[in-house]
Amino acid sequence: MEITIKTPRDFNFRRTVLSHGWCALQPFEFDEKTWTLIRVLDPGQGAPVTVEISSSARAININTSRRVGKKAAAKIERDVRHMFRLDDDLREFYQTVTGDPDFAWVAHEGAGRLLRSPTVFEDLVKMICTTNCSWALTEKMVSGLVHELGRESADGRRSFPSAAAMAERPASFFRDRIRSGYRAPYFAELAQRVASGSLNVEAWLTSELPLNELIKEMKSVKGVGNYAAENLLKLIGRYDGLALDSWTRAQFARLHNKGRVASDKKISRFYSRFNSWRGLALWCDLTRDWVNSENIGE
DNA sequence: GCGTCCAGGTCTACC
DNA sequence: GGTAGACCTGGACGC
């Protein structure tokens with residue numbers, strides 16, 4: 001079964017898929033030969049569905065692993081729109097960067113839409129998995145969660161586990177089976193809070209809290225510090241924070257400081273001209289070469 | 001084979 | 001409020 005979604009004029013499928021590392025973290029799978037993003041989605045009723053997502057002229061095409069009803073199809077479309085940020089309005093951002101010769105390419109290529117998961121919960125858990133470890137360990141922890149606790153689609157692939165599924169497991173499970181180390185009690189506590197309803201992380205998407213209060217709420221989740229909170233903010237559409245980490249600092253040094261370590265203040269000054277869009281400007285700048293000139297187009 | 005370092009940080013105790 | 005030290009894992013590296 002195929003579902004087609006029209007895309008905005010300034011949308012770039014390839015830039016969005018490769019906007020950051022999420023496309024390599026399960027349940028996402030990226031087929032670079034066919035430029036197809038594959039993952040399991042929970043349609044809300046019945047078994048999970050595997051979707052293969054590709055693009056054509058001004059459209060995203062979704063192939064589902066089985067036929068689904070109207071409600072499920074609508075849920076899948078909502079999830080894909082959410083993941084690819086199709087409803088994000090980046091016109092102000094593009095106007096801002098177009099005035100700068102070194103950043104005009106961002107608008108020209110339609111960069112700036114950061115791929116996200118269908119739920120804030122999934123993004124939050126994954127973000128904690130990226131902290132203080134190698135990318136290989138991040139992949140190991142995330143795939144462990146999917147394989148141990150995800151629901152199975154007909155083709156054997158699995159969804160990302162729900163908070164309820166994770167809440168059924170003790171901290172020892174996350175330590176011994178997921179190999180998440182000191183993060184294990186954090187996952188157990190987070191899943192309990194979300195599953196019980198005492199913490200509604202999905203509400204962050206539409207929160208009208210001032211930035212500082214929203215960050216404070218995010219940091220009430222153990223394992224979430226400045227880096228994780230600022231990256232989560234980017235995924236809910238707020239780009240004030242730079243989310244500096246060892247990789248972004250090294251990349252900035254390479255691109256803008258002749259290979260020498262730059263202070264965080266210097267990095268902050270460099271992007272300050274982009275005001276509330278500075279976090280997104282930084283990310284686009286440092287990841288520009290992730291998509292080369294040969295595969296920018298659709 | 002073994003020890004050390006460190007990676008897309010965070011938490012806590014202490015000052 | 002600022003900071004030092006501890007915290008898990010696993011791969012890379014030097015010996």
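Numbered from 1 within each chain, the chains take letters A, B, ... in sequence-line order.
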Legend entry - Heavy-atom neighbours of A:Glu2 CD exceed 12 at 6.0 Å: yes
Inset, instruction - Determine whether more than 12 heavy atoms belonging to other residues, nucleotides or ligands lie under 6.0 Å from atom CZ of A:Arg273. - result: yes
Legend entry - No-H, no-angle donor-acceptor pair, A:Tyr227 side chain to B:dG9 base, under 3.5 Å: no
Inset, instruction - Please confirm whether A:Arg15 makes a cation-pi placement over A:Phe11, using NZ or CZ under 6.0 Å from the six-membered ring centre and within 45° of the ring normal. - result: no
Legend entry - Geometric cation-pi criterion A:Arg39 and A:Phe28, 6.0 Å radius, 45° cone: yes
Between [X] and [Y], what is the ring plane arrangement, given parallel below 30°, perpendicular above 60°, and tilted in between?
| X | Y | value |
| --- | --- | --- |
| A:Tyr186 | A:Tyr182 | perpendicular |
| A:Phe93 | A:Trp277 | tilted |
| A:Phe30 | A:Trp35 | perpendicular |

Legend entry - Given DNA chain C, 5'-ward residue of the pair A:Ala136 and A:Asn132, judged by closest heavy atom: A:Asn132
Inter-nucleotide [atom1] distance ([N], [M]), Å rounded:
| N | M | atom1 | answer |
| --- | --- | --- | --- |
| C:dG11 | B:dT10 | P | 23 Å |
| C:dG5 | B:dC5 | P | 14 Å |
| C:dT3 | B:dG8 | P | 24 Å |

Legend entry - Ring centroids of A:Trp135 and B:dG8 base under 5.5 Å with planes under 30°: yes
Legend entry - Check: A:Ala24 main-chain N/O paired with A:Glu29 side-chain donor or acceptor under 3.5 Å: no
To the nearest Å, give me how far apart [atom1] ([X]) and [atom2] ([N]) are.
| X | N | atom1 | atom2 | result |
| --- | --- | --- | --- | --- |
| A:Met141 | C:dC8 | CE | P | 13 Å |
| A:Leu242 | B:dG9 | CG | P | 15 Å |
| A:Met127 | B:dG8 | CE | C1' | 10 Å |
| A:Asn226 | C:dG1 | CG | P | 14 Å |
| A:Leu244 | B:dA7 | CG | P | 15 Å |
| A:Ile128 | C:dC8 | CD1 | C1' | 15 Å |
| A:Asp245 | B:dC6 | CG | C1' | 14 Å |
| A:Asp264 | B:dG8 | CG | C1' | 14 Å |

Legend entry - Residues within residues 170-186 of chain A bordering DNA chain C, heavy-atom distance below 4.0 Å: A:Arg179, A:Gly181, A:Tyr182, A:Arg183
Any base atoms under 4.0 Å from [X], or only sugar-phosphate, or nothing? Heavy atoms, all strands.
| X | answer |
| --- | --- |
| A:Asn231 | nothing |
| A:Ser134 | base |
| A:Ala228 | sugar-phosphate |

Compile the donor-acceptor pairs under 3.5 Å between side chains in residues 234-243 of chain A and protein atoms, sequence neighbours left out, one pair per line.
from     : atom 1 : to       : atom 2 : distance (Å)
A:Lys234 : NZ     : A:Gly279 : O      : 3.4
A:Arg238 : NH1    : A:Leu209 : O      : 3.1
A:Arg238 : NH2    : A:Ser207 : O      : 2.8
A:Arg238 : NH2    : A:Leu209 : O      : 3.3
A:Tyr239 : OH     : A:Arg85  : NH2    : 3.1

Inset, instruction - With the side chain of A:Trp247 defined as its heavy atoms from C-beta on, choose the nearest nucleotide among B:dG8, B:dG9, C:dG10. - result: B:dG8
Legend entry - Residue A:Ser246, side-chain heavy atoms: nucleotide from B:dG8, C:dT9, B:dT10 that is nearest: B:dG8
Inset, instruction - Using the closest heavy atom to pick a nucleotide of DNA chain B for each, name whichever of A:Thr130 or A:Lys219 lands nearer the 5' end. - result: A:Thr130
Legend entry - Dot-bracket encoding of pairs in DNA chain B, which uses [ ] for pseudoknotted crossings and | for another strand, Watson-Crick or G-U under 3.5 angstrom: |||||||.|||||||
Inset, instruction - State yes or no: do A:Leu114 and A:Val97 share one hydrophobic cluster built from I, L, V, M, F, W and Y residues joined by side-chain heavy-atom distances below 4.5 Å, directly or via other members? - result: yes
